Structure formats: structure tokens, C-alpha cells
Amino acid sequence: MSARRRYWLMKSEPDTFSIDDLERVRTEPWNGVRNYQARNFMRDGMQVGDGVLFYHSNTEVPGIVGTATVASKAYPDETQFDSKSVYFDSKSTREEPRWFLVDVAFERKFSRTITLDEMKQHAARLGEDFALIRRGNRLSVLPVSAAQWKYLLSLE
DNA sequence: GCCAACGTTGGC
DNA sequence: GCCAACGTTGGC
């Protein structure tokens, strides 16, 4: 028995890893998340098959650029053990890994970007629990309700 | 490039 | 356990 499909939004800086990069490689380990809340969403909340809104942050026009799916259960982020990686964490051990990730698989690139600006205009409809447009929210992985997912896709 | 927001670290 | 200092995120 599997629980109902859940939905998420995951941010990536397109200069580092864009939706086009994901389309090219098809599946990517979502490494480098070093925020506990974001980690908890991946480790404790995500299941294979969940829907992901792929969001481009820190770019000229930030917004949702496509969809992906969660393609694995959570497992330890290998980069935390790599002393040469920028994501290296000297306090993490293989016995007790601190950071987890999931694999994310490309699904679809939108015909256009659903911009952050546009989402703000639809704030009333998206609701107060839509974390992306709550002031000051910097989480790079955040939950999206089924209603928000449906509504955001309808904007394309 | 600036800087507000805010999570994390570390001294006490 | 408080909280100032610091570092990072990410919109603008």
C-alpha cells in the first residue's frame, strides 16, 4: 500500500544546474542541500513518484520552469564525505550521515516560465501556506499542496 | 552588487 | 540556553 502522491518545489540556480541540465542527464542526485528543514522534507516526506516543480532561483526571471519526479528514496548525500567537495561536512560520518538526498528525474519542461512575480499576483488563490511567496522564505525544498500543484500547472 | 531575512555557530 | 556575530540565500 502506498500513500497518496505528494508534491514539492525544488529550487536550483540555473547557472549551476538548470532544467535543461536535468533534461540532458534525465536523473540527478539532488546533492548539496545543507538545511535541516529541507533535508527533512527529502528524508522523511518524499516518496518515489512524488511530483516536483522545478524552480530557477537567483536568476533574471525566477520561477517554475518544468516538472520532475522523485526517483528514489532518500539516501546519504555522498558529497558530505568528500573532503574535496564544497559540500564536505567534517562533522558527518558514514555511520551517522547528516545529509540525505533523493534522485530527481526529468519529466517536462514548460512552454514558458511561471514567474515568481506571477505567483505573487495569484497569492490569494495559492493561499498563505504557499511557502515560496511567504516573505523571507529561503528554503530550497518545500512542500506544495495538491490544490497548489494543480493551480500552478494551470497557469502554464 | 546590494542587502534583508534568517539559519547556524560558538562564546559565555 | 541565550544571543551576537557570521554566513548564505535569493530577490531586486
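Reminder, nothing fancy here: chain letters follow the sequence lines and each chain counts from 1. Predicted model only: the values in this text are computed from it and were never measured.
Counting to the nearest Å, the C1' atom of C:dT9 and the CD atom of A:Glu13 are 8 Å from each other. Nucleotide B:dC6 holds its C1' atom 16 Å from the CG atom of A:Leu132, rounded to whole Å. For the pair A:Asp15 CG and C:dG11 P, the computed distance is 13 Å after rounding to whole Å. Distance, A:Ile64 CD1 to C:dG10 C1': 16 Å, rounded to whole Å. Going from atom CZ of A:Phe41 over to atom C1' of B:dG7 covers 15 Å, rounded to whole Å. Following rounding to the nearest Å, A:Asn137 (CG) and C:dG11 (C1') show an atom-to-atom distance of 13 Å. Note: CE (A:Met10) to P (C:dG10) measures 13 Å, nearest angstrom. As rounded to whole Å, 13 Å separates atom P of C:dG11 from atom CD of A:Glu60.
Between A:Arg134 and A:Arg98, it is A:Arg134 whose nearest contact on DNA chain B lies nearer the 5' terminus. Nearest-nucleotide positions on DNA chain B place A:Asn58 closer to the 5' end than the other of A:Asn58 and A:Gln37.
Ring-centre distance between A:Tyr75 and A:Trp30: not below the 6.0 Å cut-off.
Comparing C:dC12, C:dG10, B:dT8 against the side chain of A:Lys120 picks out C:dC12 as the nearest. Taking every side-chain heavy atom of A:Ser140 into account, C:dG10 is the closest of C:dG11, C:dG10, B:dT8. Considering only the side chain of A:Asn35, B:dG7 comes nearest among C:dG11, B:dG7, C:dG10. Set against C:dG10, B:dG10, C:dC12, the side chain of A:Lys91 has B:dG10 as its closest nucleotide.
Residue A:Asn31 forms a side chain to side chain contact (heavy atoms under 4.5 Å, CB included) with just one option from A:Phe100, A:Trp99, A:Tyr87, and that option is A:Tyr87. Of the options A:Ile19, A:Leu153, A:Val65, a side chain to side chain contact (heavy atoms under 4.5 Å, CB included) to A:Phe110 is made by A:Leu153 and by none of the others. For the ring-ring contact (aromatic ring centres under 6.0 Å, His included) criterion with A:Tyr7, the lone passing option out of A:Tyr151, A:Trp149, A:Phe130, A:Phe41 is A:Trp149.
Put simply, A:Tyr55 has a side-chain N or O that comes within less than 4.0 Å of OP1 or OP2 on C:dG11. Under 4.0 angstrom from either OP1 or OP2 of C:dT9 there lies no side-chain N or O belonging to A:Lys11.
With hydrogens and angles left out, the side chain of A:Arg138 and the base of C:dT8 share a donor-acceptor pair within 3.5 Å.
Note that CG of A:Leu142 and CG of A:Leu9 are 5.0 Å apart. Values are rounded to the nearest 0.5 Å.
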